[in-house]
Amino acid sequence: MDTRFSGSRDTCVYGEVTRSVSWYGSCFLYFGEQNSNHTAKGGTTIKTINTSVITEAVMKMCQEANFYLGNDVLEAFKKGYESEVSLTGKEILQILMKNAEIAREEQVPMCQDTGFAVVFVELGQDVRIEGGDFYEAINEGVRRGYTEGYLRKSIVSHPLERKNTGDNTPAVIHTKIVPGENLRIIVAPKGGGSENMSAIKMLKPADGVEGVKKFVIDTVKSAGPNPCPPIVVGVGIGGTYEKAALLSKEALLRELGEKSKYPDIAELEEFLMKEINKSGIGPQGLGGKTTALAVHVEIYGAHIASLPVAVNLNCHAARHKEVLL
Amino acid sequence: MTQIRLTTPLTDEMVEKLRIGQQVFLNGILYTGRDAAHKRLVDLIKQGKELPFDPKGQVIYYVGPSPAKPGKVIGSCGPTTSYRMDPYAPELYALGLKASIGKGKRSPEVIKALKQYKGVYFAAIGGAAALIARSIKTAKVIAYPDLGAEAIHELVVENFPVVVVNDTLGGDLYEEGIKIYSVK
C-alpha cells in the first residue's frame, strides 16, 4: 500500500486500500486498512499505524500462540521420539504430540498455564502510532485475547498482595527502536513453572567459557523435572545484569535448532545440548536422553570486570507468534 | 510399565502396594488445589477449623485449569509444579490425604511424610493439558471461587493417567531415572 500524504493530516488523501496477508512460517505480514504511508516534506516516508490494529494483532497472537504449537517444536518432538532410548520417554513425547494435535483441532490451550504475555516490539523509527497509548493498545490485546480465547488469567497485580487482575494484564513489553517503517510484534506467552527454574549469575571473566558451561548445566540439572522437560534452554552471556536476562529470553524466540551466527557460540550451543542430554533427566524428568529440544545462546559486549550469564528455561510449550505491521 | 486402576477414596492398603514407576489410572473424585488454596487450607488447620472437604482418603491434584469453553466440562488441565505446595503438603497427609498429583520434585519433608502417613505422590504429564482434560467428566467449584483458576474444584475423573514418583517406601522415580539414563 502506498498512499501519498498531501497537506495536513486532516486532508490526507488515502490511495487504494489494500489488505494482504501472507505467511512466512509463524510470521505474517498484515497491512490493515488503518495503516497508511505518508511521504513528508524531504522525502521521508512515515507509516501511520492505528492502535486498534495493534490491539487486534496482539489479541490474535495470544490465542494462536496458545492453540498452535510451532512446527519447529513438533519436528523436535519427532526427532526426540526417534532417538529416545527410554520407553516411558518415547511414550511421553508421543503424548505431547497428541496433545498439540488436540489443542490445534479444538482451539484450546496446549497447556493450562497460558503464560505471562511477554511482548517484544521492534518499532521502526519511521512509524507513527495514532489512536491512543501504544502500551495500553498491547495490554488491551492481551485482555481481549485471554478473555475471548478462554485462556487462563495467571497474573496478580501486586507480587506480595497477590490479587489476580482477572484479565492477564499487565503484559511484559520490551521495545526496541529500529530503522525502517515496520512494526514487528512478537507475543511469547511464558509459563511460570519453567520461568521459576531460570537463573542468573555474575561470573568472573577468569571463569571463562568453562564457568559458563558449568552454570548452564548446573541450572538445568538442578531444575530436573520441574520445568517440564523436554525444555528449550535460552542463554544470555554478556552485557549487564538485566541485559543478560533479556538476551536469554530473546534466545528462546529463535526457531528451534537455528544456530548462532557466531561459529564459536554455535559450537558452545552444540556442546551444551549434548551435555544436557547426557544428564539422564529425560522427558518429564522420568529418565531418558531427550532433556533439551534446543539450546540457544545470545551474546553481547561485556564490561572488563564482568561475565554475566543468564539461563532462561522454557518448557516444551515453546510458544511465540509474530506479526509485521 | 505396569498398569493399575484405582478408584478414590484410597486406603492405606491401596497406596502401600504402589511402587515407583507404576502407571496408575485414577477414577472417582479428585480435589484441585494449588498455591493460594493450600495456604487457606493450612491456615484453617492451624486455627482448628473445618476444611471445605475432608482430606481423609482423598487425592489432591495441583492444577489451575484454564476456563471451560462453552459446552466443555473444563479447560486445559495439566499439573503445576509441586514443590510450591511442599510447605503445606505434610499437614494434609497427616490428616489422611492419600495422594497428590503434580509434576516435579518433592522436598525431603514431603517424602518423609509419605512414609510416615502412608501416602504417595503421582506425576501427571506436564503440558499435556488438552489431552488430560478428556479424562475429566465433571467439574464443580466447592470452595474459594474468588481465587478463579486457583479455586478448589471437585473433579470426577475416568482413567486419569498418572505415574507413581514417590511411594510409601521412600522411593523416588526422578532419581532412579537419572541413575539409569545419565551418561558419564
Side-chain angles (χ1 to χ4, degrees), chain A residues 66-67 85-89 91-92 95-96 98-114 147 149-154 162-164 166 191-194 196-197 221 223-229 277-289 291 315-317, chain B residues 1 20-21 23 32 34-36 39 62-72 74-84 102-106 123-134 146-150 161 163-165 172-184:
Chain A
N66 273 294
F67 300 158
V85 288
S86 148
L87 287 179
T88 305
E91 199 182 331
I92 290 165
I95 287 170
L96 295 179
K98 177 77 185 160
N99 184 68
E101 197 183 301
I102 294 172
R104 178 176 289 273
E105 275 171 15
E106 296 184 6
Q107 303 218 327
V108 294
M110 61 194 82
C111 180
Q112 79 290 338
D113 184 352
T114 51
T147 307
Y150 296 90
L151 305 180
R152 196 179 78 181
K153 289 78 182 174
S154 311
R162 306 202 71 80
K163 191 175 170 2
N164 200 302
S194 56
N196 284 346
M197 296 297 118
K221 281 188 177 172
N226 294 4
C228 275
N277 286 339
K278 281 185 196 170
S279 67
I281 296 168
Q284 292 297 304
L286 297 178
K289 58 185 279 191
T291 303
C315 58
H316 52 78
Chain B
M1 224 190 256
I20 61 167
Q23 191 169 19
T32 73
R34 41 173 293 154
D35 311 58
K39 186 176 187 318
Y62 302 147
V63 59
S66 64
K69 280 176 100 170
K72 296 252 183 191
I74 200 161
S76 297
C77 201
T80 194
T81 324
S82 307
Y83 76 92
R84 297 194 315 272
K103 60 160 173 106
K105 288 178 280 194
R106 304 314 300 261
I125 296 181
L131 182 69
I132 289 173
R134 290 189 167 179
D146 60 303
L147 294 180
E150 292 203 68
V163 177
V164 183
V165 168
D172 189 331
L173 183 61
Y174 293 135
E175 285 183 6
E176 289 303 309
I178 287 174
K179 271 186 213 158
I180 298 168
Y181 293 102
S182 64
V183 181
K184 293 288 161 223

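Convention: sequence-line order gives letters A, B, ...; per-chain numbering from 1.
Listed here is the closest heavy atom pair of A:Ile102 and B:Ala130: CG2-CB, 4.0 Å. Here the closest heavy-atom approach between residue A:Cys111 and residue B:Gly127 is recorded as SG-CA, 4.2 Å. For B:Tyr174 against A:Gln284, the heavy-atom pair with the smallest separation is CE2-O, 3.5 Å. Between B:Gly126 and A:Leu96, the shortest heavy-atom contact is O-CD2, 4.1 Å. Closest approach of A:Asn226 to B:Lys105, counting heavy atoms only: OD1-N, 2.9 Å. Considering every non-hydrogen atom in both A:Gln107 and B:Lys69, the closest pair reads O-NZ, 2.8 Å.
Between chain B and the options A:Gly193, A:Pro227, A:Gly89, A:Pro109, the largest number of non-hydrogen pairs under 4.5 Å is found for A:Pro109. Highest contact tally toward chain B, considering only A:Ile92, A:Thr291, A:Thr114, A:Asn277, is held by A:Ile92 [criterion: heavy-atom pairs under 4.5 Å]. Of all the listed residues (B:Pro65, B:Pro67, B:Ser82, B:Gly104), the one sharing the greatest number of non-hydrogen pairs under 4.5 Å with chain A is B:Pro67.
No side-chain heavy atom of B:Thr80 sits less than 4.5 Å from a side-chain heavy atom of A:Asp113. A heavy-atom distance below 4.5 Å is not found between the side chains of A:Arg162 and B:Lys39.
For chain A, the nearby parts of B:Ala128 are the backbone and the side chain; heavy atoms of each come within less than 4.5 Å. Of the two parts of A:Lys289, neither the backbone nor the side chain holds a non-hydrogen atom closer than 4.5 Å to a non-hydrogen atom of chain B. At a 4.5 Å heavy-atom cutoff, the contact between B:Ala68 and chain A is made by backbone atoms alone. Heavy atoms of A:Ser279 lying under 4.5 Å from chain B belong exclusively to its backbone. Heavy atoms closer than 4.5 Å to chain B are found in the backbone of A:Ala223, but not in its side chain. With a threshold of 4.5 angstrom between heavy atoms, A:Lys163 does not approach chain B through any atom at all. Using a 4.5 Å cut-off between heavy atoms, A:Ala103 contacts chain B through both its backbone and its side chain. Contact annotation for B:Pro79: only backbone heavy atoms (N, CA, C, O) come within less than 4.5 Å of a heavy atom of chain A.
For A:Asn164 (side chain) and B:Leu147 (main-chain N/O), no donor-acceptor pair under 3.5 Å exists by modelled atom type. A donor-acceptor contact shorter than 3.5 Å links the side chain of A:Gln112 to the backbone of B:Gly78.
The OG atom of B:Ser66 lies 9.0 Å from the CG atom of A:Asn66; values are rounded to the nearest 0.5 Å. Note that the CZ atom of A:Phe67 and the OG atom of B:Ser76 stand 8.5 Å from one another [nearest 0.5 Å]. With rounding to the nearest 0.5 Å, the separation of OG in A:Ser154 from CD in B:Glu150 is 9.0 Å. One finds the CD atom of A:Glu91 at 5.5 Å from the CD atom of B:Gln23 (value rounded to the nearest 0.5 Å).
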For residues 175-184 of chain B, dump all side-chain donor-acceptor pairs below 3.5 Å to protein atoms at least two apart in sequence or in another chain.
unit_1: B:Glu176; atom_1: OE2; unit_2: B:Lys179; atom_2: NZ; d: 3.2
unit_1: B:Ser182; atom_1: OG; unit_2: B:Ile178; atom_2: O; d: 2.9

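Salt bridge status for B:Arg134 with A:Glu106: present, with a side-chain N to carboxylate O gap under 4.0 Å.
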